[in-house]
Undergrad: 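My structure is below; once you've seen it, I'll send some questions.
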Amino acid sequence: MSLDTPTLLVGILVSAVGFVLFRYGKAQERLPHLLVGLAVMIFPYFTGGWVLTLVIGAALMVGLWLVVRAGM
């Protein structure tokens, strides 16, 4: 894990979005939102740079959008 400033800031921002998504999923009892929120909170700890963090976060959000659009 890199400890440079952009990586830390992006990791905190992405994890905050994941926390909000997790809380929404828990409150609304929506399993896809809850699981993706949990994944988005956790994965920044295991990525090496800020670009990779943004790419994975965006991919998870697009995946959530596709799952919700499919009717889950």
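Heavy atoms only: backbone and side chains are in, while hydrogens, waters and symmetry mates are out.
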Undergrad: Rounded to the nearest 0.5 Å, what separates atom CH2 in W50 from atom CG in D4?
TA: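 Going from the CH2 atom of W50 to the CG atom of D4 covers 10.0 Å.
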
Undergrad: Could you state the interatomic distance from CD (E29) to CG (L34), rounded to the nearest 0.5 Å?
TA: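 With rounding to 0.5 Å, CD (E29) is 10.5 Å from CG (L34).
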
Undergrad: Would you kindly confirm whether V51 and V10 end up in one hydrophobic cluster when ILVMFWY residues are joined by side chain heavy atoms under 4.5 Å apart?
TA: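 Yes; tracing contacts between hydrophobic side chains, which count when under 4.5 Å, links both residues.
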
Undergrad: Can you list everything that forms a side chain to side chain contact (heavy atoms under 4.5 Å, CB included) with V68? Sequence neighbours excluded, please.
TA: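 With neighbours one apart ignored, the set is R30, H33, L64.
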
Undergrad: Quick check on the hydrophobic clustering: are V62 and Y24 connected, directly or via other members, by side-chain heavy-atom contacts under 4.5 Å?
TA: no

Undergrad: Ignoring hydrogens and angles, write down the donor-acceptor pairs under 3.5 Å from the side chains of residues 11-19, residues two or more places apart or on other chains.
TA:
| residue | atom | partner | partner atom | Å |
| --- | --- | --- | --- | --- |
| S15 | OG | G11 | O | 2.9 |
| S15 | OG | M41 | O | 3.3 |

Undergrad: Which donor-acceptor pairs under 3.5 Å do side chains of residues 52-60 form with protein atoms, sequence neighbours excluded?
TA:
| residue | atom | partner | partner atom | Å |
| --- | --- | --- | --- | --- |
| T53 | OG1 | T47 | OG1 | 2.8 |
| T53 | OG1 | G49 | O | 2.9 |

Undergrad: Flag yes if V36 and F43 sit in one hydrophobic cluster, no otherwise; membership is Ile, Leu, Val, Met, Phe, Trp, Tyr, and two members link when side-chain heavy atoms are under 4.5 Å apart.
TA: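 Yes; F43 is reachable from V36 via cluster members.
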
Undergrad: Following the transitive rule for hydrophobic clusters with a side-chain heavy-atom cut-off under 4.5 Å over Ile, Leu, Val, Met, Phe, Trp and Tyr, establish whether Y45 and L35 coincide in one cluster.
TA: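 Y45 clusters together with L35.
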
Undergrad: State yes or no: do L38 and L31 share one hydrophobic cluster built from I, L, V, M, F, W and Y residues joined by side-chain heavy-atom distances below 4.5 Å, directly or via other members?
TA: yes

